[in-house]
Structure formats: structure tokens, C-alpha cells
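Note that the structure is a prediction, hence the values are computed from the model and not measured. These values consider heavy atoms only, across backbone and side chains, with no hydrogens, waters or symmetry-generated copies.
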Amino acid sequence: MKLYIAEKPSLGRAIAEALPKPQKKHQGYIETAGGDVVTWCVGHILEQADPDSYDEKFKKWQLEHLPIIPNQWQLKPKYKTKSQLAIIRKFVKQCSQIIHAGDPDREGQLLVDEVIDYLNVPSQKRDSMQRLLISDLNLPAVKRSLNQLQPNKHFIPLSVSALARSRADWLYGINLTRAYTIQGGKVGYQGVLSVGRVQTPILGLVVNRDKEINNFVSKPFYEVLAHITTPSQQPFTAKWQPSEACQAYMDDEGRVLSKGLAENVVARISNQPATIDDIKKQQKKLNAPLPFNLSTLQIDAAKQFGMNAKLVLDVCQSLYEKHKLITYPRSDCRYLPSEQFSLAKSIVAMLAKAELPFSSAAQQADTSIKSKAWNNAKVSAHHAIIPTEKSPLGLSLSHLERNVYGLIVRQYLAQFYPAFIYQQTHVALTIAGGKFATTANVTEQLGWKVLFERTSEKSSDKGSEKGGESKSNSDSPWQKGSLPELNKNDSLHCEKGELLEKQTQPPKHFTDATLLAAMTGINRFVKDRSLKAILKDTDGLGTEATRAGIIELLFKRGFLKRQGKIINATPAGIGLVEALPEMCTTPDMTAKWESTLNSIAEQQTNYKSFMQPLENTLHELIDIASNNVPVSLKGIKSTVKPAYKKRRRTKKKES
């Protein structure tokens, strides 16, 4: 008898649907016609044991107990799912072979593997385990996956990586939360000061951004535009490029701070001849953006529909499990396996008949185009989020489901549109000894951008707002249309110079979209240069599956608050960050750990080389906490009521 162990009931039912019938449905499992059994976990049905499971004395929070580091790690069954664990235990004993059907990521791998370990499955049965990878719950896709089973032992490094993460989070969270909660009590703070390997650096990002904005002092800077005409009286503008001699009057970002200097340039170039030094014309090609992974989808949904990360994930889970309209959503990959390209025709044909806003775009798609998205070398356990072959016709989708599905579909359809092609012309000029430049882009082929025209227009509108902060004085202005016909050494006339006075702008407050973008591109916030380079190509802070939950956790714990789309730190959040050592509140350390966890999954390093330095760091951090009282939390009240008070109140009501 074969035993299929899925991660969730929905996946279990999808697997059973592809197996021989008739079938018998029981509480917690399905029996197929051939006698095989499909059962499931309900997410993690095991969890890390509490500290007092290792020693009764740990029930009381005391500094002298810290750090708590188990010699022999223990898992315990979750109370609500004990009965499901008993079902799995029964069939693990009876079966001849186990098929691991956890979700296709490192957490899904660990989720079933840890159950097998906990139940002490004999090594012979464990060695013969097979891995079933499913990213599409529709029947044809599940049947294809059932014919592509792989040895489970090939995926053990993923499991080890997830195990290391789980234990690291327990060690870091349990010990530092206890240490700072105890110390916070000494200055009158009554709440739990939750510290986490990922959540606290995210809080640190928000606190530091809020401080930057509060402490920001705006200063004026100046730009000069030259208004030029050709001999045939065709006008265009060019922007001044300050020379090295002007460096003393500029800031670190190349902005001119001296009004007098800029005024002098304006006076000097007015009614003067202008000479073209160089003209560069290039045809540029921009390929379609890759399909979404979860983070890029969450960022786009936040920008376009104001949806927070957790809401996007919930909608995706519904589209995946309930409606079966999209592939596995908790993906960190933006590429697709080459063999998936064979399904493109049927998926696009289905979308063309779907009678939704994107259907006309599907009708214009060219499925002979194969974008760079199809690349086996870039695909690991799971691939990008794309629409399945199932049609949305006749399904009752909510407004949010339609919005998110539409984004996923548009990104997929872009793969079957030609490249965006434009002609770029860059002109360098000299006027009265000063250097000026201008650039113009002229579209030659809109290509895939036809699908994004409305979004692009909004972006360009924002970019053209007056008074915004300039990126750099070396930037030349972009002409809205094409430039006049120009040739090198042409003699032109500068009619006048124009002084533009602008104000430097503070950084913007974080929103759901920008905070997620910061987590995925965390190298931008890392100070260590060598680490910056390492992290440029890694997944960032947290994982696709955890980022949304971690952000929401910071709100629930009273460390973050929302004002419209803006995310701010609360007084408790600010106080906690100020109380902690810098290494706990910046992304350097935890991002380095995330990079090491990826290396474990890729068998480039091992479990011990990750855990041993972590334990050493814990000892140092507990010493720092023990010797410092967090005065930054003095006088701050927790907005989250302790759990024990809630329990006491509930009991009174019941009596």
C-alpha cells in the first residue's frame, strides 16, 4: 500500500482525484480503489517544544536561565491536530511506501519530513520515500506530477535548511524576548517585548526611516536649463553639467547648492552660440518583465490596489486552493520550466475566451514567442506564479480575486508580446565654455508595454511633478517628443538660460509596497560592503511565505501602526529599537543568516556551521541585555494586553 502525505487537505483531495476510483472518504484520509491511501497534515502539526519542556524551572522568566539552548531538540504535537497525527501514524506503519507531498518549498519539505522523523519511521521505508511536487491543483497537472516522482532524499538539504531556520528563530526569539521583557519591566514597561531574527530588523527599518524624516532639514539646490534653437527655429532644451571646478559648491549627490554660481551660468549662456560636441543614437530593446513571484506580486498589488501583503497572500491561496486558477503562490522564483512552454497555447487560448478585461490582450498574444522566463537552470522546487489551464468562466470571483488574478494573467501574457523598442538620442553641447546635455527617447515598437500603458502613464506623471528631488545633476532632461534633426558641429543659438530652484525632499515613509521591496532588496540597507555584494543575488530578508505574516505580527504586537497607506513605528516600537544593540535592529546579521540558510539548501555549507556561531552570538547578546536597563521604554505603555489578563477576564465571564 502506498501512502501519500500531503501538506493540506485541499492538496490531499487534488491528489486523490488523480488516483484510481471508486474511493472511500474517511475522516482525515481517502482510500483509493487500489488500496492506496491519501492523508494530510494540516500545516505544521508539530511545533518546537516550550522551554519548560526541557526544564520545569524555565516556566519562570529569569535572566540567570539565559540563554536557553537545548542539548536534544524536542517537537510536540499541536493540540488541535493530534487526531490527524494519529491517522498518519497508523498508515505509516501499514504502508509499503511513502510519497512525500508537502508544498514545493523548504517549509513544505520540512513539514512532512519532521513528521516522518517524529514517528521513527524505519530507515528502509525512509530511504525508499518518493517526492511529489505539485504547483497546480488541476487534474491534468496533478496527473503529470504523479508521473514525475523523485527520490525524497534528493530534497533533504531543503529540509535541513528549514530545520536550521526553525531552531534559529526559536533560540533567538525565546532568549532575547525573555531578556528584554524582564529588563523592560524594570523601567515600568508592562508588555512583552518580542524580539525576532527577522521582525526586529524590519521594525528597525521603519524606526530609522521615521527618524530620518523627522530630522530632515530641506535645503535648496539649483539647476540650469538652456533654451536652444536650431537655424530653422526649432526649439529644445539642454541641462547644465557642472564641471569639476564646481565641486566645492555641490553636495554628495552632485546637486549645486550655490545660487550665485547657477545665476552666473544663466547670465553667461543667454544669447550665446551653442555647439554640438557629440551625438549618440542607439536603438534600445527592453524585454517583457518576468512573471511574478509572491513578493513582486504583493508589491504590485499594494501599488495598484492598496492591498497589504497578508491580504494578497490570502487571495492567492484562495485562487490556488479554492478556484485552482493559479499555480503555487508561495514561490520565490520568477522563472518557468522549459517543458511548461508546451502548455502556453492552451492557457492563452483559454484566457482569450474568458470574457474578462485581459481577454482581448490574450487574443493578440503570440504563443510562438518564447521569453527568457522559460529557463530550467533558474527553476528549483517551484516556479513563477502563472495562470493554470482552468478557465475563470462561470466562477464567482470576489473583486479582490479578480484584481490579483488580472495582475498574474497580464504578467504571463506579456511573455508572448514582442520587446519594447525605442530610439535613444543623447546630445552633448558646449555653450560659453559650459557643458550641457539632453536625451530623447522615441518609441519604435510598443510591444509588451501596450499591456501596461495605464500604469506607465501614472508612473510618468509622478516622475514629471515639479519640485521633486533630482537624482543627480549629471542627468540630462528627457525630451517629451523627438529632438530636431541635429548634426555634430552644428551651430545653434542659446536664446536664454533658465534657473530652476528646487528643494531637497526627505525620504518617503514606508508603505506595504515599499517595505516589501526593502525586504526583498535588503542589500540596499546593509552597511557591510562585502555582505552587500553577497546579498545582491539572494532572496532578502525573510522568505516569500513569511514576509506578510511578519509585517502583520509587528502590527499585532503594537510596534507598528498605519495611517492610510503610510506605515509608522509606535512609541513602543521606537523604544524597543533604541534599547537593542544595533546588530539586532539592522538587517546585516539576519540577512547573512538567510544567505547561509540558502547555502545549506544548496549543499554549499552545513547545519553545524550555521548553528554554532549563532549560539556564540546569543551568549554575547544576553550579556549585553543583562548589563543594560532599557531607559528608552520608560513611561511607555504597551498597547497589547498580556495574555494572562485576557484569560483571567474570560474566566470571570464564564462564571
Salt-bridge present ([X], [Y]; N to O < 4.0 Å):
X: Glu107; Y: Arg330; result: no
X: Lys8; Y: Asp103; result: yes
X: Asp136; Y: Lys324; result: no
X: Arg144; Y: Glu389; result: yes
X: Asp512; Y: Arg562; result: yes
X: Asp588; Y: Lys592; result: no

Between Phe416 and Tyr412, is the ring-ring contact (aromatic ring centres under 6.0 Å, His included) condition met? List the steps. CA-CA 8 Å; Phe416 308 103; Tyr412 181 69; 5.2 Å; yes
Measure from NZ or CZ of Arg209 to the centre of the six-membered ring of Phe510 and say whether it is under 6.0 Å with the direction within 45° of the ring axis. yes
Locate the shortest heavy-atom distance separating Leu621 from Met583; write the atom from each residue and the value. CD2-SD, 3.7 Å
Please give me the minimum heavy-atom distance between Arg524 and Ala518, naming the atom from each residue. NH2-CA, 3.6 Å
Check whether any side-chain N or O of Asp50 sits under 3.5 Å from a backbone N or O of Ser53 as a donor-acceptor pair, and report yes or no. no
Check the orientation of Tyr328 and His382. Use parallel for under 30°, tilted for 30 to 60°, and perpendicular for over 60°. tilted
